[in-house]
Number of protein chains: 2
Amino acid sequence: MSECTHASHRELVNNTRENMPELDTMFELADFFKVFSDSTRIRIMSALFQGELSVCCIAEILNMEQSTISHQLRILRRENLVKVRKDGKQSYYSLADDHIRQIFEMGLEHISE
Amino acid sequence: MSECTHASHRELVNNTRENMPELDTMFELADFFKVFSDSTRIRIMSALFQGELSVCCIAEILNMEQSTISHQLRILRRENLVKVRKDGKQSYYSLADDHIRQIFEMGLEHISE
DNA sequence: TGAACATATGAACAATCATTCATACGTTAT
DNA sequence: ATAACGTATGAATGATTGTTCATATGTTCA
């Protein structure tokens with residue numbers, strides 16, 4: 001246990017704490033970015049930028065198992081990032097939000113440095 | 001193995017693939033967001049928005065072990081999101097990038113819905 | 001030089017999470 | 001009704017990762 005017993009230490013700690021976002025907000029923020037932290041989900045969203053796609057189409061585009069895609073789509077659905085349209089045997093998925101493009105571009109911007 | 005043997009199926013698959021970002025880029029994108037996907041790191045960055053802080057200060061602000069903070073700072077350092085200034089026994093960390101604020105705000109924007 | 005402090009880091013552990021396998025559910029066509 | 005197809009999902013598994021403990025490194029002060 002370090003003490004850091006400097007002069008204005010306690011004050012700095014309190015001040016910083018007060019100016020930080022709510023604890024809940026920071027947890028939500030982490031959870032939000034967690035959705036974007038998996039390459040399979042990134043690839044799914046990248047594919048959906050082109051327009052709506054059925055599950056098996058996505059699976060073939062990414063060259064991955066249908067089951068894997070379904071599981072990840074479930075997460076994207078839970079976070080309201082994609083929406084589904086059912087037509088016969090197929091489920092067509094599309095992006096639910098225009099924010100996603102912005103978030104992608106911001107990430108890409110940071111990467112290219 | 002599902003087939004999805006529709007008319008323009010193969011064409012759609014190829015078209016979508018071609019218009020997607022490079023595979024490497026999508027992996028990098030996921031890795032980038034992974035840094036923001038942990039609540040401890042989010043809290044550290046939130047604290048650093050107020051200005052530079054020593055390791056033990058951050059630990060006390062978050063009420064977590066010094067070791068935990070050091071480990072997470074290591075990750076933030078590796079991703080070039082924070083920079084260090086050593087002064088005597090202490091290491092003072094600060095945000096390395098103004099992008100971070102934008103990324104935070106974009107996330108917060110999406111959350112509040 | 002030795003003690004106290006601030007930080008960094010390796011190893012162990014626990015928890016989380018993505019993928020796979022098997023299978024169930026719902027729809028279409030014969 | 002049965003078969004074939006598309007999708008969803010629970011359980012098991014393997015890999016990744018955050019935290020803790022112990023300890024090493026480096027600095028300051030007596």
Distance, nearest 0.5 Å, that separates [atom1] of [X] from [atom2] of [Y]:
{"X": "D24(A)", "Y": "S39(B)", "atom1": "CG", "atom2": "OG", "answer": "11.0 Å"}
{"X": "I61(B)", "Y": "L48(B)", "atom1": "CD1", "atom2": "CG", "answer": "8.5 Å"}
{"X": "M45(A)", "Y": "M20(B)", "atom1": "CE", "atom2": "CE", "answer": "11.0 Å"}

By ring-ring contact (aromatic ring centres under 6.0 Å, His included) - contacts of H71(B) (at least two apart):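 Once residues adjacent in sequence are excluded, H71(B) has no partner under the ring-ring contact (aromatic ring centres under 6.0 Å, His included) criterion.
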
In a table with atom names and distances, give each donor-acceptor pair under 3.5 Å that connects a side chain of residues 75-84 of chain B to protein atoms at least two apart or in another chain.
from: R77(B); atom 1: NH1; to: Y93(B); atom 2: OH; distance (Å): 2.7

Between [X] and [Y] (side chain of the first, backbone of the second, donor and acceptor by atom type, cut-off under 3.5 Å), is there such a pair?
{"X": "S70(B)", "Y": "S67(B)", "result": "no"}
{"X": "R43(A)", "Y": "L23(B)", "result": "no"}
{"X": "Q50(A)", "Y": "N19(B)", "result": "yes"}

If you define the side chain from C-beta out and look only at heavy atoms, does anything of [X] sit under 4.5 Å from [Y]?
{"X": "P21(B)", "Y": "M26(B)", "value": "yes"}
{"X": "I42(A)", "Y": "F104(A)", "value": "yes"}
{"X": "F32(B)", "Y": "F36(A)", "value": "no"}

Tabulate atom names and distances for all N/O pairs under 3.5 angstrom spanning the protein and nucleotides 24-30 of chain D.
none

How many Å lie between [atom1] on [X] and [atom2] on [N], as a whole number?
{"X": "E60(A)", "N": "dT7(D)", "atom1": "CD", "atom2": "P", "result": "12 Å"}
{"X": "L73(A)", "N": "dT9(D)", "atom1": "CG", "atom2": "P", "result": "11 Å"}
{"X": "Y92(B)", "N": "dT7(C)", "atom1": "OH", "atom2": "P", "result": "8 Å"}

Y92(A): which of L53(A), D87(A), V55(A) passes side-chain contact (heavy atoms from CB on, under 4.5 Å):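 Among the candidates, only D87(A) passes.
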
Under-4.0 Å side-chain N/O to phosphate OP1/OP2 contact, R74(B) with dA8(C): no

Y93(B) side-chain N/O to dA8(C) phosphate OP1/OP2 under 4.0 Å: yes

Neighbours of DNA chain D within residues 76-85 of chain A, by heavy-atom distance under 4.0 Å: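 Result for residues 76-85 of chain A: R77(A), sorted by number.
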
Sugar-phosphate only, base, or nothing, as touched by S91(B) at under 4.0 Å among non-hydrogen atoms: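 It contacts sugar-phosphate atoms only.
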
B/S/- contact track for nucleotides 13-23 of chain C, protein heavy atom under 4.0 Å: ----SSSBBB-

Heavy atoms of other groups near R74(B) CZ, more than 12 under 6.0 Å: no

Nearest listed nucleotide, side chain of V55(B), among dA8(C), dT9(D), dA6(C):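 The nucleotide sitting nearest to the side chain is dA8(C).
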
Axis bend over the full length of the helix from dT1(C)-dA30(D) to dT30(C)-dA1(D), computed from five pairs that close each end, to 10 degrees: 10°

